[in-house]
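Residue numbers begin at 1 in each chain, while the letters A, B, ... track the order of the sequences. Owing to the predicted nature of the structure, the values given are computational and were not obtained by experimental measurement.
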2 protein chains.
Amino acid sequence: MNSDELAAWLANSAIMISLPAALDARMQRESQMTFFEYMVLSVLSEEPDRTMQMSALAVRTSASLSRLSHVVGRLEKRGLLARSRIPGAGRRTNTTLTEAGYDVVVAAAPGHVAAVREYLIDSLEPRDLIALQRIGAAVDAAINHGRTTATSATTAH
Amino acid sequence: MNSDELAAWLANSAIMISLPAALDARMQRESQMTFFEYMVLSVLSEEPDRTMQMSALAVRTSASLSRLSHVVGRLEKRGLLARSRIPGAGRRTNTTLTEAGYDVVVAAAPGHVAAVREYLIDSLEPRDLIALQRIGAAVDAAINHGRTTATSATTAH
DNA sequence: AGGTAGAACTTGACGCATCAAGTTCATCTT
DNA sequence: AAGATGAACTTGATGCGTCAAGTTCTACCT
């Protein structure tokens, strides 16, 4: 690697390591949940009927079905969402946000947005905001060679 | 958030979530160790005497002393490194890479570099390589307000 | 109609991370 | 010189993530 590549890689580890750690710690402190748990609830809350099928939710949150199943199980125990089998459709299962779950997302959202701004967005110049979109898209493409993912579904091309 | 900020944030999650997952999985598969374990061994291998004090190693790897202590304990059991108290200096402890540990790093390095290239570096245009340096530095600064970190120590300012 | 393949989860075991608390030194204070 | 403070780790409990294996349906094949 040449020096630009090396510097880029080192700088990248701040994004890859420190950022998620900081966001996770803050979410835990302010809202007593994991960053990933928040993602799940938040994605559900944006659906018109606050419902999504497990496998679709897994894709949207970039998680394995196994991981999602564990997490949804815990969130269900806490009463934040509920599962229901879709009849006549194999093992397909819908997950629906409860009122309590919706309230939790609404309560956590401002702190989350503030954190994302504070740690990332607000310290970037406009050109770097654009660059970050390209970089993220490139990484996504390199890892998931053309499969549909959370980022690829939302990126203009 | 406006649409550029939102898009940047979404793209960012590819870097924050998919990239470490991909690198970790590959390191596990190819070299039977964690990405973080590799970092520890690799950082040590770059020191002239293959030795570093625990707390310095913690800063360089962006880990808490607790996390590092656990990991170093395991690596020591595997015979990849050794700890030794520095006499007359409180609880200060040095960690030294063993020959076996050095061999492991050397064996794992090519695969690691290839992965970093494949998933990140090689899919970026030169200008984005530079942008990534700025973005990483900005994130690092926003999170660790001025404290010395792994990235801040290696970034030209 | 019976059997096979495969999609969509679920489960359990195991390993790793985090947090809070504990330990062990050295140094500073009075 | 005794006690307090703080630095530098270590330890243990708890919870989350991952992987491999298991379950439960549907659909296709012949």
Interatomic distance where CZ belongs to A/Phe35 and C1' belongs to D/dG17 [whole Å]: 16 Å
I need the CZ-P distance between A/Arg74 and C/dG12, as an integer number of Å. 14 Å
I'd like a table of atom pairs between the protein and nucleotides 19-23 of chain C - only N or O on both sides, under 3.5 Å - with the distance next to each one.
{"unit_1": "C/dC19", "atom_1": "N4", "unit_2": "B/Ser66", "atom_2": "OG", "d": "2.8"}
{"unit_1": "C/dT23", "atom_1": "O2", "unit_2": "B/Arg91", "atom_2": "NH1", "d": "2.6"}

Cation-pi, A/Phe36 ring and A/Arg67 (6.0 angstrom, 45 degrees): yes
I want to check one thing: is the phosphate of D/dC9, taken as OP1 and OP2, less than 4.0 Å away from some side-chain N or O of B/Thr93? yes
Of A/Ala21 and A/Gly90, the one whose closest DNA chain C nucleotide lies more 5': A/Gly90
Do the side chain of A/Thr98 and the main chain of A/Gly101 share a donor and acceptor less than 3.5 angstrom apart? yes
Expressed in angstrom and rounded to an integer, what is the separation of B/Leu65 atom CG from C/dT18 atom P? 13 Å
Of the candidate nucleotides C/dT10, D/dC16, D/dA8, which contains the atom at the shortest distance from the side chain of B/Ser55? D/dA8
Specify whether A/His112 and B/Trp9 have parallel, tilted or perpendicular ring planes, treating 30° as the upper limit for parallel and 60° as the lower limit for perpendicular. perpendicular
Looking only at D/dC16, C/dA8, C/dA17, the nucleotide nearest the B/Val71 side chain is C/dA17
Answer with base, sugar-phosphate or nothing: what part of the nucleic acid does A/Gly73 contact at a heavy-atom distance below 4.0 Å? nothing
Looking at the side chain of A/Arg83, which of C/dT10, C/dC16, D/dG17 is the nearest nucleotide? C/dT10
Whole angstrom is fine here: how far is it from CD1 in B/Ile17 over to C1' in D/dG17? 14 Å
To the nearest Å, how far apart are A/Lys77 NZ and D/dG15 C1'? 12 Å
Would you say the side chain of B/Thr51 lies within less than 4.5 Å of the side chain of B/Thr95, judging by non-hydrogen atoms? no
Just the rounded figure in Å: distance from C1' of C/dA17 to CG of B/Leu75. 15 Å
Would you kindly give the CZ-to-P distance between A/Arg92 and D/dC25, to the nearest whole Å? 14 Å
The residue, A/Gln53 or B/Gly88, whose nearest nucleotide of DNA chain C is more 5′ is A/Gln53
Of A/Pro87 and A/Thr34, whose nearest nucleotide on DNA chain D comes first from the 5' end? A/Thr34
A/Tyr119 reachable from A/Ile135 in the ILVMFWY side-chain graph, under 4.5 Å edges: yes
Over all strands shown, is B/Arg29 touching base, sugar-phosphate only, or nothing at heavy-atom distances under 4.0 angstrom? nothing
Are B/Val116 and B/Leu124 in one and the same hydrophobic cluster, where Ile, Leu, Val, Met, Phe, Trp and Tyr link if side-chain heavy atoms are under 4.5 Å apart? yes
Modelled atom types, side-chain donor and acceptor of B/Asp140 and B/Thr149, under 3.5 Å: yes
I need the CZ-P distance between B/Arg85 and D/dC9, as an integer number of Å. 9 Å
Quick check: does any side chain N or O of B/Ser69 sit under 3.5 Å from a backbone N or O of B/Ser66, one acting as donor and the other as acceptor? no
Measure from the side-chain heavy atoms of B/Glu37 and tell me the nearest of C/dT11, D/dA8, C/dC16. C/dC16
